[in-house]
A.B. asks: 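This is the structure I want to talk about, given as structure tokens.
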Amino acid sequence: MSLPELKTLLYTTTLGDNTRPVFRHAVQLALKMHARIIMLHVMEPINATSHALIHNFLPEDVIERLHTEGVSQMHELMQDRVKKFCDEELDALTEEVKLDIATMVEEGNPTDAILRVSKRMNVDIIVMGAENSFGHHSHTTQEVIREAKLPVFVIPT
């Protein structure tokens, strides 16, 4: 059975220990299928307890300003980390690789963000690792497999 020709591959990453082998598989798949890669990192929002504590000590307008500034700075930081990782990995390959790789950072629930980006960017396949950064089966991967309306390629880690 052969895979259909791909146009866009969404590679999701936590930038954890399992990132490099999963990225290498995504690159190889993209090369074989002549696909572009969108490398997505999702930042989760702070939990409810932290949110409640902050509201006890700061006025709403200050919280909103700090959140906006903090999210903007975090987006820039994560965008730089994702780009640096991508450049390092491509430089480490033995042969020169020419791929169209875009990096994205989204905020929110990881499953929702992955599905939202895959729909918005008209993605043909999602590539994810099987385990989370703690070495356990990834709850996010399981949810994406269950809810996605497109193929999900899961890499054992």
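As the structure is a prediction and not an experimental result, all values here were calculated from the model.
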A.B. asks: Can you list every salt bridge (Lys or Arg N to Asp or Glu O under 4.0 Å) pair that touches residues 110-120, not counting sequence neighbours?
C.D. replies: Glu106-Arg116, Glu106-Arg120
A.B. asks: With Arg65, which residues qualify under salt bridge (charged side-chain N to carboxylate O under 4.0 Å, His left out), at least two apart?
C.D. replies: Glu69
A.B. asks: What is the distance from atom NZ of Lys149 to atom CG of Leu115, rounded to the nearest 0.5 Å?
C.D. replies: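 Between atom NZ of Lys149 and atom CG of Leu115 there are 9.0 Å.
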A.B. asks: Are the side chains of Ile125 and Met33 in contact, using a 4.5 Å heavy-atom criterion?
C.D. replies: no
A.B. asks: With sequence neighbours left out, write down each residue that passes side-chain hydrogen bond (donor to acceptor under 3.5 Å, both in side chains) with Thr141, or none if nothing qualifies.
C.D. replies: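 Counting only residues at least two positions away or on another chain, Thr141 forms a side-chain hydrogen bond (donor to acceptor under 3.5 Å, both in side chains) with Ser138.
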A.B. asks: Applying a strict under-4.5 Å side-chain criterion to I, L, V, M, F, W and Y, I'd like to know whether Val117 and Ile145 cluster together.
C.D. replies: yes
A.B. asks: Can Leu29 be reached from Ile114 by stepping across I, L, V, M, F, W or Y side chains whose heavy atoms are under 4.5 Å apart?
C.D. replies: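 Cluster IDs for Ile114 and Leu29 differ.
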A.B. asks: Same hydrophobic cluster for Met128 and Met104, using side-chain heavy-atom links shorter than 4.5 Å among ILVMFWY?
C.D. replies: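 Result: yes, single cluster for both.
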A.B. asks: Who pairs with Thr103 by side-chain hydrogen bond (donor to acceptor under 3.5 Å, both in side chains), at least two apart in sequence or on another chain?
C.D. replies: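 Partners of Thr103 by the side-chain hydrogen bond (donor to acceptor under 3.5 Å, both in side chains) criterion, ordered by chain and then number, come out as Gln79.
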A.B. asks: Looking at side-chain heavy atoms only, is the closest gap between Phe153 and Val22 below 4.5 Å?
C.D. replies: no
A.B. asks: Does Gln73 have any side-chain hydrogen bond (donor to acceptor under 3.5 Å, both in side chains) partners at least two apart in sequence or in another chain, and if so, which?
C.D. replies: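 With neighbours one apart ignored, the set is empty.
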A.B. asks: Would you please name every residue forming a side-chain hydrogen bond (donor to acceptor under 3.5 Å, both in side chains) with Asp87, sequence neighbours left out?
C.D. replies: Lys83
A.B. asks: Distance-only, no hydrogens or angles: does the Asp124 side chain make a donor-acceptor pair with backbone N or O of Leu9 under 3.5 Å?
C.D. replies: no
A.B. asks: Considering all heavy atoms of both residues, which atom of Ile126 and which atom of Ala148 are nearest to each other, and what is their separation?
C.D. replies: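 Result for this residue pair: CD1-CB, 4.5 Å.
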A.B. asks: Using every non-hydrogen atom in the two residues, find where Val127 and Ala26 come nearest and quote the distance to one decimal.
C.D. replies: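 Looks like CG1-CB, 4.1 Å.
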A.B. asks: On a heavy-atom basis, which atom in Ala30 and which in Leu99 lie closest, and how many Å separate them?
C.D. replies: CB-CD2, 4.0 Å
A.B. asks: Are Val154 and Val123 grouped together when hydrophobic residues (ILVMFWY) are joined by side-chain heavy atoms under 4.5 angstrom apart?
C.D. replies: yes
A.B. asks: Going through the checks in order, is the side-chain contact (heavy atoms from CB on, under 4.5 Å) test met by Thr12 and Val42?
C.D. replies: CA-CA 8 Å; Thr12 66; Val42 180; over 6 Å; no
A.B. asks: What's the shortest heavy-atom distance between Ile37 and Val27, and which atoms?
C.D. replies: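 That would be CD1-CA, 4.0 Å.
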A.B. asks: With the 4.5 Å side-chain cut-off for hydrophobic clustering, are Leu31 and Met39 part of the same group?
C.D. replies: yes
A.B. asks: Taking atom OH of Tyr11 and atom OG1 of Thr19, what is their separation to the nearest 0.5 Å?
C.D. replies: 4.5 Å
A.B. asks: Using every non-hydrogen atom in the two residues, find where Leu10 and Leu40 come nearest and quote the distance to one decimal.
C.D. replies: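 Leu10 and Leu40 have their closest heavy atoms at CD1-CB, 3.8 Å.
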